[in-house]
Amino acid sequence: MSDIVNGVFERFLESKIFVNRELLRPEYIPDELPHREEQISRLASALAPILRGERGSNVFIYGLTGTGKTVVTKFVVKKLHSKAMDLKLRFGYSYVNCRQSDTPYRVFADLAESIGVKVPFTGLSTAEVFRRFIRGLKENYTSFLVVLDEVDYIVKKYGDDVLYRIVRIGEMLPSIKVSIIGITNDVNLIETLDSRIRSSLGEVEIVFPPYNAEQLKDILKKRAEKAFNAGVLSEGVIELCAALAAREHGDARRALDLLRIAGEIAEREGSSKVTTEHVYRAREEIERDRVKELVYTMPLHAKLVLLSIYATSSKGYTTTGEVYGEYVKLCKAVKVEQVTRRRVSDIINELDALGIIESKVVSRGRYGKTKVVKPLIKSEIVLQTLKNDIRIGKIVESIRI
Ligand code: ADP
Ligand code: MG
């Protein structure tokens with residue numbers, strides 16, 4: 001057994017593919033960010049007053065996922081902080097990701113903890129956590145920057161109260177210059193905010209447009225230079241990663257994932273080169289993981305409907321009538337109460353929107369209209385994932401497809 005392990009370790013250590021794969025990870029902040037010069041300079045200008053002891057502008061940043069919002073913000077804020085330290089300013093900042101810290105309590109607890117104020121995981125009121133954060137600010141800083149990333153998550157769930165409180169810190173504490181950066185993937189978010197918050201937060205607005213294939217190519221080239229050994233990337237590999245990601249609204253994260261995973265597949269195989277074939281396989285792997293995650297986290301009835309679709313699609317497609325019949329049977333088998341035909345039809349539409357199936361209404365002449373449903377994902381992937389559900393795993397095994 002230990003031979004196997006040693007073999008894996010040896011191969012890993014001898015990697016001919018990567019010099020440093022960490023440079024391709026999403027969290028890594030590179031020194032150069034091609035095609036974001038304008039956004040970097042606008043953000044830096046908005047924050048520059050902090051270095052003179054004045055308040056920076058509040059900034060609202062928006063753009064689709066993978067357009068560089070997080071990395072650009074971290075890049076600029078890091079530089080700002082180090083400059084402020086050189087100038088011996090009592091400046092601090094806090095970065096909170098509102099998707100990970102997705103309650104007002106967690107957001108304020110993160111803010112407090114980032115300035116060294118300890119907060120229990122639960123037990124205090126949200127208002128008390130906020131007060132402790134404010135007290136910590138007063139004792140330690142003359143200027144402070146709050147970065148709320150993916151702020152749409154908290155606003156959609158809890159409204160704009162968190163933002164309101166943070167926007168008002170400056171008014172409560174005239175002795176401290178507080179500015180905020182709000183980042184969102186949802187471009188419509190600002191319209192849903194209360195007008196006071198909107199005007200306050202949107203003093204400066206910076207848009208991050210999607211990258212095109214050419215720009216993604218430049219980004220990948222720069223990051224690949226130091227991550228891969230020289231000559232390892234076959235011709236066309238970077239171009240293919242860029243082209244595939246450009247099709248998905250110019251997502252740089254997707255482009256980097258494709259490149260990194262293609263490299264990992266090549267390495268696992270003991271290949272000395274990364275080829276376009278590896279990129280296609282990386283794409284499959286990413287897609288498979290995405291589907292698994294999606295299916296695994298679905299509610300029970302969505303899983304049952306999905307299973308019913310696969311169970312009745314031996315001819316490549318099925319109809320809503322057949323799906324419903326099967327669904328009723330499956331509900332009996334797992335002893336849960338069935339939902340209405342109408343609700344099942346809604347679930348089918350939701351699965352369609354997720355890209356797992358395709359459904360369309362077709363006319364059957366004098367028999368009227370019917371909805372045809374076609375599964376889009378390989379059945380092994382879906383069934384394998386459903387098997388892991390403790391409530392329905394058993395019936396998945398009994399179904400033959
Ligand atoms: P967003 O926050 O808009 O979803 P990120 O800032 O997380 O996007 O960027 C996604 C990935 O792409 C990250 O790994 C980031 O480092 C990388 N990236 C984005 N833009 C650039 C760029 N201009 N140059 C280099 N890497 C970039
Ligand atoms: Mg981000």
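Along the sequence shown, residues carry numbers from 1. Note that ligands are numbered from 1 as they come in the structure, with each ligand's atoms numbered from 1 the same way.
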For residues [X] and [Y], determine if any side-chain heavy atom of one lies less than 4.5 Å from a side-chain heavy atom of the other.
X: Val76; Y: Lys79; result: no
X: Arg36; Y: Phe208; result: yes
X: His249; Y: Arg254; result: no
X: Glu264; Y: Ile261; result: yes

Name the residues in contact with ligand 1, where contact means a heavy atom under 4.0 Å away: which are they?
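Under the 4.0 Å cut-off, ligand 1 touches Pro26, Tyr28, Leu33, Pro34, Arg36, Leu64, Thr65, Gly66, Thr67, Gly68, Lys69, Thr70, Val71, Tyr211, Ile219, Arg223, Ala252, Arg253, Leu256.
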Given Tyr211 and His35, is the ring pair (Phe, Tyr, Trp, His ring centres under 6.0 Å) satisfied, shown in steps?
CA-CA 8 Å; Tyr211 295 114; His35 303 293; 7.2 Å; no
Test the Lys303-Tyr296 pair against the cation-pi criterion, namely NZ or CZ under 6.0 angstrom from the six-membered ring centroid and within 45° of the ring axis.
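Yes, a cation-pi geometry.
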Suppose the cut-off is 2.8 Å; how many protein N/O/S atoms fall inside it around the Mg ion (ligand 2)?
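Under the 2.8 Å cut-off, the count stands at 1.
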Audit row: Thr370, Val362, side-chain contact (heavy atoms from CB on, under 4.5 Å) steps and yes/no
CA-CA 6 Å; Thr370 184; Val362 296; 3.8 Å; yes
Where does the angle between the aromatic ring planes of Phe91 and His81 fall among parallel (under 30°), tilted (30 to 60°) and perpendicular (over 60°)?
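Phe91 and His81: tilted rings.
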I would like to know whether Lys329 and Glu326 meet salt bridge (charged side-chain N to carboxylate O under 4.0 Å, His left out); could you show each step before the answer?
CA-CA 5 Å; Lys329 269 197 264 166; Glu326 180 71 21; 3.6 Å; yes
